[in-house]
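First comes the structure, then the notes that go with it.
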Amino acid sequence: MGYLKEKSGMTLLGTTPEGTCPECATKHASYMPHNRDSLTYQYKFYDQHGRWPTWTDAMSHCPSKIKEAWTQALKERGVEVPE
Ligand SMILES: [Zn+2]
């Protein structure tokens with residue numbers, strides 16, 4: 001995935017719809033994970049970190065109870081969450 005330049009074209013995705021999370025453009029409570037599959041989130045994250053986000057990144061701001069619940073729910077759907 002090394003084809004993106006250091007600063008990719010976030011101007012296109014710079015604004016997010018009102019009432020949605022500014023990071024992932026999805027409606028969710030602030031203590032819930034970002035939508036890892038949202039392109040807005042993926043490109044914003046890539047701009048900041050130079051790599052694509054994992055679910056661990058998407059829920060890094062969540063309280064541990066929420067993280068545990070999401071990790072469990074993702075596992076049940078066959079998604080491994082790296083520590
Ligand atoms: Zn979000």
Side-chain angles (χ1 to χ4, degrees):
M1 295 276 198
Y3 56 83
L4 286 178
K5 298 209 167 69
E6 197 126 318
K7 283 279 163 197
S8 55
M10 271 311 298
T11 41
L12 281 175
L13 296 166
T15 52
T16 48
E18 225 175 285
T20 63
C21 169
E23 291 298 316
C24 66
T26 303
K27 259 188 190 169
H28 68 84
S30 59
Y31 58 87
M32 294 298 270
H34 296 304
N35 180 2
R36 202 264 340 234
D37 296 332
S38 143
L39 284 179
T40 303
Y41 180 62
Q42 292 186 4
Y43 279 88
K44 280 194 176 185
F45 190 94
Y46 194 100
D47 264 1
Q48 285 168 12
H49 303 276
R51 63 178 176 83
W52 300 108
T54 65
W55 275 108
T56 308
D57 299 315
M59 61 173 104
S60 64
H61 63 289
C62 301
S64 52
K65 282 240 181 289
I66 302 280
K67 278 186 200 168
E68 282 165 28
W70 270 77
T71 302
Q72 186 57 36
L74 287 165
K75 269 186 185 151
E76 283 166 14
R77 286 157 182 77
V79 180
E80 276 304 315
V81 179
E83 290 304 315

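This structure is a prediction, so every number in the text was calculated from the model and none was measured. Atoms within a ligand are numbered from 1 in the order they appear, just like the ligands themselves.
- Shown here are the protein N/O/S atoms lying under 2.8 Å from the Zn ion (ligand 1), water excluded: C21 SG, C24 SG, H28 NE2, H34 ND1.
- With rounding to the nearest 0.5 angstrom, the CD atom of E23 is 6.0 Å from the CD atom of Q48.
- Linking Ile, Leu, Val, Met, Phe, Trp and Tyr residues whenever their side-chain heavy atoms come within less than 4.5 Å leaves Y31 and Y41 in two separate clusters.
- Between the side chain of T26 and the main chain of C24, a donor-acceptor pair closer than 3.5 Å is present.
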Donor-acceptor pairs are to be reported for all side-chain atoms of residues 60-70 against protein atoms at under 3.5 Å, with residues two or more places apart or in another chain.
from: S60; atom 1: OG; to: D57; atom 2: O; distance (Å): 3.0
from: H61; atom 1: NE2; to: S30; atom 2: O; distance (Å): 3.4
from: H61; atom 1: NE2; to: M32; atom 2: O; distance (Å): 2.9

Given side-chain contact (heavy atoms from CB on, under 4.5 Å), test T16 with K44 step by step and report yes or no.
CA-CA 11 Å; T16 48; K44 280 194 176 185; 4.3 Å; yes
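- With ring centers used as reference points, W52 lies under 6.0 Å from Y46.
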